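Any value given below was found using the heavy atoms of this structure, including those in side chains, with hydrogens, waters and symmetry copies removed. Source: prediction; values computed, not measured.
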Protein chains: 2
Amino acid sequence: MVTIKQVSEKAGVSSATVSRVINNTGTVKEKTRDAVMAAMSELGYRHNVVAASLASNKTHTIGYVVPELHGSFFGAMMGGTEQALRQAKKHMLIATGHSDANIEKEQIDALLSRRCDALILHVEAVSNDYLVSLVHQGVELVVVNRYIEEIGDNCISLDNTLGGYLATRHLLDIGHTNIAYIAGSLFKDDAINRLNGHRKALAEANVAYQDGLTYEGNFQARSGTEGIRALLASGAKFSAVACGNDEMASGAMIALREAGRRIPEDISVIGYDNIDFASYLSPGLTTMDYPVQKIGNMAAHWVLERVYGHNRFDYEHILNPRLILRGTTCSPE
Amino acid sequence: MVTIKQVSEKAGVSSATVSRVINNTGTVKEKTRDAVMAAMSELGYRHNVVAASLASNKTHTIGYVVPELHGSFFGAMMGGTEQALRQAKKHMLIATGHSDANIEKEQIDALLSRRCDALILHVEAVSNDYLVSLVHQGVELVVVNRYIEEIGDNCISLDNTLGGYLATRHLLDIGHTNIAYIAGSLFKDDAINRLNGHRKALAEANVAYQDGLTYEGNFQARSGTEGIRALLASGAKFSAVACGNDEMASGAMIALREAGRRIPEDISVIGYDNIDFASYLSPGLTTMDYPVQKIGNMAAHWVLERVYGHNRFDYEHILNPRLILRGTTCSPE
DNA sequence: ATAAAAAATGAAAGCGCTTACAATTGGGAG
DNA sequence: CTCCCAATTGTAAGCGCTTTCATTTTTTAT
């Protein structure tokens, strides 16, 4: 490996000067800069970022923790982040937490050991207190898709209660009153909030909430299918079903068809997230838009601004979901 | 930040010994180990991986280049990789190449500057020669989803020609002879190979290939929709359509329905990749399984074995796709 | 008990860079 | 032609760790 030292000798300058041209810091005369550049390309020099990081105490690396890599949700989010970071020449070190508190902590720890300049965390198992304490320790981090009051400034999230409310509100507006709900894993905040929103809409419309119309799934398509089967088997009557996310909604659609119900004529279905394929289903899935890419992008800008002193960026801390009307909902006959 | 030095003083040993217990190398007496451990937790020591990397010339980091982060394909692949790497305590530094040769090269360069121990590359724009020369320079890398003969050992790919062949073969087997084809971007190897497979199957069945029945899309759903519209508008007759991937197939389905064609009664559709949501469509999409997670996993094991001397793992260099029969194909009446 | 071998530890030289700080150079202003 | 200031460059001290080699301690075999 050719080092800065060799370059400096070849160019007849000191290594400090070479460092200056590499980092474009300090002042260096045009002529020396050229000489250094020439020496670098002649020797095939490749900057050693590891050494630079040690010396400068900056790694230009952002640690990223997400629950899983598969599925289209986190890819979209990371895509939004990456777009902003790439331009700033930062990189992402990615780890998965698997919704398990120990793994999540372990990963955060590992990222910190690697001296990431900042962390972007979508963690679901670790406690609020733990995250708050990290912030108080001076760790630069932004929590996405989760809101923690004490560190609201470090959070970028969606108003899931509002989303749950709006979804059910839409169903009510078009005339449904018997509305089933297939929830996500209820140990997760977003699943809870979405369900709360659902209940709030019912209450507001003076429709009694019935436990028997709610099924707890796990955000996977399969649990949507199972949810509908269970609901149907229980003899519950409903003309519409709201789901905690689009995957479960598509699973639900499969079970409904299997039971001979037409969508939306017999049963309306509404999802949540508006992931890519929601529009490919047929009919297209009515759902709540989750601007996940935007959230990822904002998280990046938060970091750029806070940690690297980039220009002020206008991000919001709590975004609003909005209804995407497609073909799976209609008025009951 | 507390350093190894401070720990060593607190524990009354040398820093070399502390390093030994951290890395579990060399020999250290039970009792001293305990003393060091105690000192570490008392001081809240956090290992500095950057410094360790510089000194040991190993970063335990794998660089990963994919075209994009969104969509479900690359997430699945990276998930397969991550699973294996996490157990080995390696981390992934992720970059996107956007199917642009310059960006791809830039990113590879950046990852190398960060001294990744190895690279996993899904690159589509950079030339074979460039990759070959990297390998010859001694860069440890594995190319996924692409096969380059000179460095076959460094490649893990799918036999796309076979996949294209099998898809069309299935259509032929059930009686179709007028088969349209919606291809991916034809500057990409996989798109070309899939199309070649399609043609091979036609030839084998003595069905003439007609240019007018092939449409070049770009692997996005929208282009599937446009493809069908164009094909229909051109007056071409076909009872089945094979697509370069599932996204385009779902886009095609939308356009077919919009034109009043029933699937599969009027037109059979077959996709490629078997991404998650293929089974959520209705009817479920018949497609070719692309074991992408497995490929990601094998890439990880290749690295583990080659770069870190882990146990021999049994990976294949060229995997075979297989037909997944669902509801979008049937015999023409 | 003693020598030789093995185990445990320490000293110190880097790894390749950044960054005060000091030293040098080059231009005008006077 | 000096002197002062700004621009440019060099010196050298780390950054926090790993690792070789030497040294000390312990164990084992005789």
Discussion item. Does A52(A) reach a base, just sugar-phosphate, or nothing at all? Heavy atoms under 4.0 Å.
Written reply: sugar-phosphate
side-chain N/O N23(B) vs dT18(D) OP1/OP2, d < 4.0 Å:
yes
- Task: Taking atom types as modelled, find out whether H317(A) and Y315(A) have a side-chain donor-acceptor pair closer than 3.5 angstrom.
- Result: no
N57(B) CG to dC15(C) C1', in whole Å, measures 8 Å
Between V50(B) and K29(B), whichever has its closest DNA chain D nucleotide further toward 5' is V50(B)
Rounded to whole Å, the CZ-P distance (R114(B) to dG16(C)) equals 18 Å
### Query
Between the side chains of N145(A) and Y290(A), is a donor N or O closer than 3.5 angstrom to an acceptor N or O?
yes
Between NZ of K5(A) and P of dT11(D) the distance, given in whole Å, is 10 Å
**Q.** NZ/NE/NH1/NH2 to OD/OE distance under 4.0 Å, E42(B) and K10(B)
**A.** yes
Is any side-chain nitrogen or oxygen of S19(A) closer than 4.0 Å to OP1 or OP2 of dT18(C)?
yes
Separation of dT18(C) atom P from N24(A) atom CG, nearest Å, is 12 Å
What nucleic acid atoms does V13(B) come within less than 4.0 Å of, heavy atoms only: base, sugar-phosphate, or nothing?
sugar-phosphate
Taking the basic N atoms (NZ, or NE/NH1/NH2) and the acidic carboxylate oxygens, is any pair closer than 4.0 Å for D117(A) and K90(A)? no
Between CZ of R20(A) and C1' of dA20(C) the distance, given in whole Å, is 10 Å
### Query
Counting just side-chain N and O atoms, does S14(B) come under 4.0 Å of either OP1 or OP2 of dG10(C)?
yes
| message | Once hydrogens and angles are ignored, does a donor-acceptor distance under 3.5 Å link the base of dG16(C) to the side chain of R115(B)? | response | no
Taking dG16(C), dT18(D), dT18(C) as options, the one with an atom nearest any side-chain atom of A55(B) is dT18(D)
Side-chain contact check for T17(B): nearest option of dT18(C), dG10(D), dG10(C) is dG10(C)
note: L43(B), atom CG; dG16(D), atom P; distance rounded to Å ~ 14 Å
* **H301(B)-R306(B) side chain donor-acceptor pair, cut-off 3.5 Å** => no
To the nearest angstrom, the CZ-P distance between R46(A) and dC15(C) comes to 20 Å
From CD of E9(B) across to P of dG16(D) the rounded distance in Å is 13 Å
Query raised in the report: Does T27(B) place a side-chain N or O at less than 4.0 Å from the phosphate oxygens OP1/OP2 of dA8(C)?
Result: yes
* To do: For H91(B) and R114(A), test the side chains for any donor-to-acceptor distance below 3.5 angstrom and give the result as yes or no.
  => yes
By nearest-heavy-atom nucleotide on DNA chain C, the more 5' of S56(B) and G12(B) is G12(B)
With the side chain defined as heavy atoms from C-beta on, T3(B) is closest, among dG16(D), dT9(C), dT19(D), to dG16(D)
task = Output yes when at least one side-chain N/O atom of T32(B) is less than 4.0 Å from OP1 or OP2 of dT9(C), else no.
result = yes
